[in-house]
Number of protein chains: 2
Amino acid sequence: MADHSNTAKAENLLFLTDDQLLQGIELMFFAYKGFTSDPDQILQNYTYGRAHHRALHFINRNPNITVSALLDILGVTKQSLNRVLRQLVEDKLVDSKVGKRDRRERNLKLTPSGQELEHSLSDAQRKRMRAAYKAAGPDAVQGFRSVLQNIMDPQMKIHLD
Amino acid sequence: MADHSNTAKAENLLFLTDDQLLQGIELMFFAYKGFTSDPDQILQNYTYGRAHHRALHFINRNPNITVSALLDILGVTKQSLNRVLRQLVEDKLVDSKVGKRDRRERNLKLTPSGQELEHSLSDAQRKRMRAAYKAAGPDAVQGFRSVLQNIMDPQMKIHLD
DNA sequence: TTGGAAAGTCAACAATACTGACATAAAATG
DNA sequence: CATTTTATGTCAGTATTGTTGACTTTCCAA
């Protein structure tokens with residue numbers, strides 16, 4: 001446990017007890033629950049779930065993305081993603097076009113009604129984030145971003161801007 | 001970043017573009033994915049999943065907690081939690097005792113082997129958190145905590161220490 | 001004492017993850 | 001150029017974990 005010896009250097013100002021770390025872990029759990037609750041609430045009126053929301057979000061952020069690239073971002077199996085995409089394409093929220101260079105690929109983008117649903121979900125989530133950012137202040141936001149970037153797997157950082 | 005317009009008030013230093021908020025949203029997604037990956041990896045060797053981990057975590061943190069109280073924390077239905085608890089009790093990782101005052105209640109706590117599994121899961125997760133905290137620094141950690149507390153639903157704060 | 005509320009359990013179903021098998025297209029190899 | 005290998009995406013079946021509904025036991029209050 002929190003091994004800081006009495007010879008701690010100045011560069012090691014953090015006194016990390018197990019209890020402090022467990023608090024951070026619980027904070028992640030509760031915050032993520034709140035973070036997903038607003039879109040989940042909206043999606044109850046549809047036949048869609050959180051998986052559809054994630055697909056809509058990242059297709060919106062990366063127009064003409066391929067299934068493979070989306071797979072890398074989401075970190076699920078292609079079979080799992082495929083079920084979700086099939087529904088969204090059938091319902092005309094997502095447009096899937098055969099790739100020009102490589103005809104094995106599919107290029108995905110949102111249709112106007114896809115954009116509409118994505119925006120209503122995004123709006124609810126952004127509202128919560130904006131309120132949290134404002135309440136915590138600019139320095140806190142910087143810290144929030146820094147810690148989260150260090151929690152995530154490094155190779156996933158390429159998917160941030 | 002966060003450049004404020006020249007008409008910004010002192011109380012409103014944050015200039016939050018949709019893009020900045022969307023970046024924060026994606027950061028939450030990627031960080032949570034990393035956050036859960038280490039325990040998930042370990043649990044692949046068992047017949048348990050993330051739901052079991054959550055139960056073990058909060059029973060460990062709140063010895064003799066009732067099923068109802070655990071339900072409030074986890075935010076799932078009691079039927080869903082019950083399946084998980086039944087397995088953990090059958091496998092003797094959790095001890096369920098009829099309440100003394102109120103015999104409708106069950107008081108839950110970890111057995112020694114339950115503590116052992118919980119600790120191995122916790123250890124992996126704490127290791128990642130500790131590394132992230134150290135890399136980001138003390139001020140960042142404070143900001144991380146502040147933003148996360150503002151993201152979560154206010155009534156859930158009673159479950160933090 | 002009786003009727004309702006609370007705590008927990010059992011059963012069936014839904015969403016979303018998974019593995020395996022497969023079709024098609026591109027790339028690599030002879 | 002023909003054949004094999006690799007990559008992309010789809011279809012089918014299974015596992016985990018969420019849901020609602022029906023039920024028992026226990027407590028409490030009228």
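Residue numbering restarts at 1 for every chain, and letters A, B, ... go by the order of the sequence lines.
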Does a side-chain N or O of [X] approach OP1 or OP2 of [N] to a distance below 4.0 Å, or not?
| X | N | result |
| --- | --- | --- |
| A:Asn82 | D:dT10 | yes |
| B:Ser68 | C:dG8 | yes |
| A:Thr77 | C:dC18 | yes |
| A:His52 | C:dA15 | no |

Expressed in angstrom and rounded to an integer, what is the separation of [X] atom [atom1] from [N] atom [atom2]?
| X | N | atom1 | atom2 | result |
| --- | --- | --- | --- | --- |
| A:Leu71 | D:dA7 | CG | P | 14 Å |
| B:Arg50 | D:dA15 | CZ | C1' | 15 Å |
| B:Gln44 | D:dA15 | CD | P | 15 Å |
| B:Leu74 | C:dG8 | CG | P | 13 Å |
| A:Arg86 | C:dA15 | CZ | C1' | 14 Å |
| B:Leu43 | C:dA17 | CG | C1' | 15 Å |
| A:Leu81 | C:dA15 | CG | C1' | 15 Å |
| A:Glu105 | C:dA25 | CD | P | 14 Å |

Residues A:Asp38, A:Arg126: salt bridge by 4.0 Å N-O rule: no

A:Arg130 bridged to A:Asp123 by N-O distance under 4.0 Å: no

Nearest heavy-atom neighbours spanning A:Asn150 and B:Ala135: ND2-CB, 3.4 Å

Donor-acceptor pair, side chain of A:His119 and main chain of A:Glu116, under 3.5 angstrom: no

Any donor-acceptor pair under 3.5 Å from A:Asp102 side chain to A:Arg104 backbone: yes

Which residue lies more 5' along DNA chain D, comparing B:Lys78 with B:Gln87 via nearest heavy atoms: B:Gln87

5′-ward residue of the pair B:Arg104/A:Arg83 relative to DNA chain D: A:Arg83

base_contact_polar (D:dG18 base, B:Gln79 side chain, donor-acceptor, <3.5 Å): no

Heavy-atom donor-acceptor pair, A:Arg103 side-chain to C:dA25 base, under 3.5 Å: no

Along DNA chain C (nearest heavy atom to each residue), the more 5'-positioned of B:Asp102 and A:Gly49: B:Asp102

5'-most by nearest nucleotide on DNA chain C - A:Val84 or B:Arg106: B:Arg106

